Amino acid sequence: MKRYLRPDLTLPFCAGCGSVNVMSSFLRAAHELGHVDLSKFVFCSGIGCSAWIPSPYLMADSLHTAHGRSIPVALGVKLMRPDLNVVVFGGDGDLSGIGLSHLIHAARRNLDIMVVMVNNMIYGMTGGQVAPTTPFGAKTTTTPYGNFEYPLDVTKLMVASGASYVARWTTAHGEQLKEAMKKGLKARGFVFVEAASPCPTAFGRRVGFKDVAEVLHWFVDNSIPLEEASKHTEKELTGKIIVGEFVNRTAPTLTDNIGKMVKEAQQAD
Ligand code: SF4
Ligand code: MG
């Protein structure tokens with residue numbers, strides 16, 4: 001990983017934080033695709049622990065934006081520099097709480113960027129508040145008796161919104177996560193990769209996990225491959241993490257459609 005990291009900085013993550021695994025999966029994916037450096041990338045992130053994955057630690061151009069606003073900035077970068085790989089790293093709170101509408105519209109437009117959502121099921125950095133992804137019944141700092149709301153399945157929402165590539169894994173599935181990121185980096189159009197990720201500091205200990213290993217075991221025991229999900233009832237799937245590749249399709253991207261329309265308009269004049 002050292003080749004891709006700024007040498008004079010120390011990573012800010014707590015011991016056992018899954019953000020390190022997500023960073024590692026991404027860098028291994030880039031490495032295996034032949035990127036000897038990150039000069040062909042621009043990274044955007046909002047606010048939250050996972051926003052630190054690219055900024056300022058990766059040896060690359062990155063934009064650290066306001067809370068929930070990484071995607072509009074990524075849109076601007078991609079429209080001006082369609083030749084670069086634009087990758088957004090964000091947490092579940094940042095992308096599916098504060099910035100949810102941007103995420104939906106980016107998928108609907110088939111904006112040619114990759115979004116990696118690090119889902120620790122909590123607002124980690126701001127103190128462990130309940131998030132749209134927090135499991136029903138989980139104790140957080142703002143739901144001390146348990147979460148009384150149902151969690152949002154962001155991966156399913158991305159499928160319904162029109163993304164070109166959608167996959168979900170956990171940090172306990174490092175190899176599969178890396179392969180999904182490789183496919184995502186090669187795909188055209190809107191790419192969404194969700195990584196369920198442990199936050200031992202703000203989620204794990206409050207929910208009652210002894211240590212990060214227990215969270216990772218819970219991920220493995222609780223994951224159901226997408227191919228098997230149809231064999232289960234909705235009730236059986238409640239609280240489970242359905243993992244796998246949800247969508248892999250080819251469709252014109254936002255920049256394709258803008259380019260085509262500009263050409264047609266110029267020819268019509
Ligand atoms: Fe990671 Fe949670 Fe610590 Fe943030 S608070 S660095 S998400 S373990
Ligand atoms: Mg979070």
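Because the structure is predicted, anything quoted here is derived from the model rather than measured.
Qualifying side-chain hydrogen bond (donor to acceptor under 3.5 Å, both in side chains) partners for R109, counting only residues two or more places apart in sequence or in other chains: none. For K231, the salt bridge (charged side-chain N to carboxylate O under 4.0 Å, His left out) test picks out no residue, with sequence neighbours left out. Residues satisfying the salt bridge (charged side-chain N to carboxylate O under 4.0 Å, His left out) test with K186, not counting sequence neighbours, are none.
Screening residues 10-35 for ring-ring contact (aromatic ring centres under 6.0 Å, His included) gives F26-F41, F26-F43, F26-F89, H35-F41 as the qualifying pairs, with residues at least two apart or on separate chains. Applying the ring-ring contact (aromatic ring centres under 6.0 Å, His included) test to residues at least two apart or on different chains, the pairs with a partner in residues 204-233 are F209-W218.
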After noting the C-alpha distance and the side-chain angles of T140 and R206, does the key distance pass the side chain to side chain contact (heavy atoms under 4.5 Å, CB included) rule?
CA-CA 6 Å; T140 72; R206 284 206 178 85; 5.5 Å; no
Report, one line per pair, each donor and acceptor closer than 3.5 Å where one atom sits in a side chain of residues 260-269; sequence neighbours left out.
| unit_1 | atom_1 | unit_2 | atom_2 | d |
| --- | --- | --- | --- | --- |
| K260 | NZ | E264 | OE2 | 3.4 |

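Residue F136 qualifies as enclosed at atom CZ: its count of foreign heavy atoms under 6.0 Å is above 12.
Side-chain atoms of F192 and L157, non-hydrogen and from C-beta on, never get closer than 4.5 Å to each other. The shortest distance between side-chain heavy atoms of E179 and E32 falls below 4.5 Å. No side-chain heavy atom of M117 sits under 4.5 Å from any side-chain heavy atom of M158.
Taken together through direct or relayed side-chain contacts under 4.5 Å among Ile, Leu, Val, Met, Phe, Trp and Tyr, L79 and L84 form part of one hydrophobic cluster.
A side-chain donor-acceptor contact under 3.5 Å links T253 and D256.
Between R81 and D61 there is no salt bridge, since no side-chain nitrogen of the basic residue lies less than 4.0 Å from a carboxylate oxygen of the acidic one.
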